[in-house]
Amino acid sequence: MYTTAQYSFFVKNLLDWFDQHGRHSLPWQKSPTPYRIWVSEIMLQQTQAATVIPYFERFMEAFPKLQTLAEATLDDVLAHWSGLGYYARGRNLHKAAQRCMQEHDGQLPVSPQQLQDLPGIGRSTANAIAAQAFGLPVAILDGNVKRVMCRLHGIEGWPGKAAVERRLWELAQAHMPTERVADYTQAIMDLGATLCTRRRPDCQRCPVHHECQALAQGLHDQLPTPRPKKVLPTRKRWWLKLEDNAGRLLLTQRPASGLWGGLWCLPEFDSEDDLLIQTMALGCQSTPKALTTIRHSFSHYHLHAEVMLVKGYQAGAIMDASSRWLSPKQATKLGLPTPVRTVLERP
DNA sequence: AATGCGGGGCG
DNA sequence: CGCCCAGCATT
């Protein structure tokens with residue numbers, strides 16, 4: 001029915017470590033009913049165990065059974081959720097309890113698929129409940145397990161990518177034993193939470209470090225591959241390098257706010273047509289010629305500026321508060337067309 | 001203060 | 001697939 005490993009060295013080492021170092025007296029571990037495990041899993045989705053414990057105790061006192069929860073008012077449920085945050089999950093918990101009353105004879109369903117159909121329960125949480133409450137050998141894949149699998153098997157690529165995530169599910173399931181299913185589930189989460197941490201994992205103490213591919217390759221602090229930075233949009237602009245017949249260069253000052261605020265720069269246009277029209281309006285005789293492309297990257301976009309060159313400009317009448325003629329010597333010195341803070345010399 | 005993360009849900 | 005939620009840990 002499910003693909004599982006034989007009782008591997010991995011599982012033996014992990015469970016031996018868990019027996020010695022794992023947590024065994026969490027409130028939901030004693031009398032681990034499906035309902036208690038479910039509530040704990042939802043609470044643990046968002047908060048560390050130490051914080052969850054008092055909330056869990058109070059919640060169980062107020063709503064000791066699934067039926068109690070289903071019959072409570074939403075306000076009462078949310079009041080007991082108060083302080084945990086993520087209230088949508090409290091609402092989902094309440095709604096799911098009512099659905100269990102209507103659709104599953106007042107019980108949580110056993111099958112992972114039916115669990116997953118309840119609000120607030122995705123694939124990993126469904127399997128966490130099925131494994132810990134019903135002993136089904138179905139793997140979880142939360143952030144902890146993803147990290148462990150990425151490192152153990154040297155998986156590269158961002159786990160949010162579908163292909164990577166599919167592979168991680170396969171690996172997680174392949175490690176799942178058929179015995180001590182609940183302990184194994186708790187153990188692999190504990191490993192990720194306490195030793196195989198996101199930063200500076202404690203490989204020395206790891207019970208499976210001898211079979212960790214990431215450690216062997218020195219990649220243990222580079223895996224899992226972080227989410228790619230959002231691809232930045234590229235903005236195309238046209239810059240005019242206008243030289244007059246004395247070799248002087250026209251600069252304009254950018255608006256005080258915004259990108260390169262107040263800096264002096266070649267005149268910038270949103271399109272090549274704009275540039276050509278404006279150039280003609282200045283009385284230029286020759287057609288601007290593509291000189292080079294400037295590439296700049298900012299935090300929020302890439303800029304490609306096409307520099308268009310006009311030489312021998314004769315009209316010479318351009319002068320307003322935001323434009324300057326720069327002497328040939330200055331222009332060379334500043335290494336234009338990079339924007340500059342000040343223009344050294346008044347015309 | 002800023003950044004990155006993570007489980008589920010939705011379009 | 002990408003985006004969103006909204007709170008936390010980490011730096």
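Small disclaimer: the values here were computed from a predicted structure and weren't measured. Naming: A, B, ... by sequence-line order, numbering from 1 per chain.
- The CE atom of A:Met43 sits 17 Å away from the C1' atom of C:dC8 (whole-angstrom rounding).
- Screening A:Val77, A:Asp76, A:Leu78 against A:His80 for a side chain to side chain contact (heavy atoms under 4.5 Å, CB included) leaves a single residue, A:Asp76.
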Worksheet item: Is there a side chain to side chain donor-acceptor pair (under 3.5 Å) between A:Asp16 and A:Gln20 once you walk through the steps?
Response: CA-CA 6 Å; A:Asp16 285 352; A:Gln20 243 189 304; over 6 Å; no
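- Between the side chain of A:Tyr86 and the base of B:dG6 there is at least one donor-acceptor pair of N/O atoms closer than 3.5 Å.
- When heavy atoms are screened at a 4.0 angstrom cut-off, A:Asn92 is found touching no nucleic acid atom at all.
- Across all strands shown, A:Ala88 has no heavy atoms under 4.0 Å from either base or sugar-phosphate atoms.
- For A:Glu165 and C:dC1, the CD to P distance is 9 Å, given to the nearest whole Å.
- Closest contact between the side chain of A:Arg198 and the listed nucleotides C:dC1, B:dG7, B:dG6 involves B:dG6.
- For A:Pro119, the side-chain atoms get nearest to B:dG9 when compared with the rest of B:dG9, C:dA9, C:dC1.
- The separation between A:Asp221 atom CG and B:dG4 atom P is 17 Å, rounded to whole Å.
- A straight line from CD1 of A:Ile140 to C1' of B:dG6 spans 14 Å, rounded to a whole angstrom.
- A continuous path of hydrophobic side-chain contacts links A:Tyr87 to A:Ile121 [ILVMFWY only; heavy atoms under 4.5 Å].
- Put simply, CD1 on A:Ile121 is 18 Å from C1' on B:dC10, counting in whole angstrom units.
- Between B:dG7, C:dT10, B:dG6, one nucleotide has an atom nearer to the side chain of A:Gln45 than all others, and that is B:dG7.
- Annotation: of the two residues near DNA chain C, A:Trp158 and A:Arg199, the 5′-most nearest-nucleotide partner is A:Trp158.
- Residue contacts shown for A:Arg147 are limited to sugar-phosphate atoms, with no base heavy atom under 4.0 Å away.
- In this structure, OH of A:Tyr87 is placed 21 Å from P of B:dG7, rounded to the nearest angstrom.
- With hydrogens and angles ignored, a donor-acceptor pair under 3.5 angstrom links the side chain of A:Arg89 to the base of B:dG7.
- Note on ring orientation: taking the six-membered ring where Trp is involved, the planes of A:Trp28 and A:Phe56 are perpendicular (angle over 60°, cut-offs 30° and 60°).
- Remark: C1' of C:dC5 and CG of A:Leu84 are 16 Å apart, rounded to the nearest angstrom.
- Atom pair A:Gln46:CD and B:dG8:C1' shows a separation of 12 Å (rounding to whole Å applied).
- Both tests pass for A:Arg123 against the ring of A:Trp169: distance under 6.0 Å to the centre and angle within 45° of the axis.
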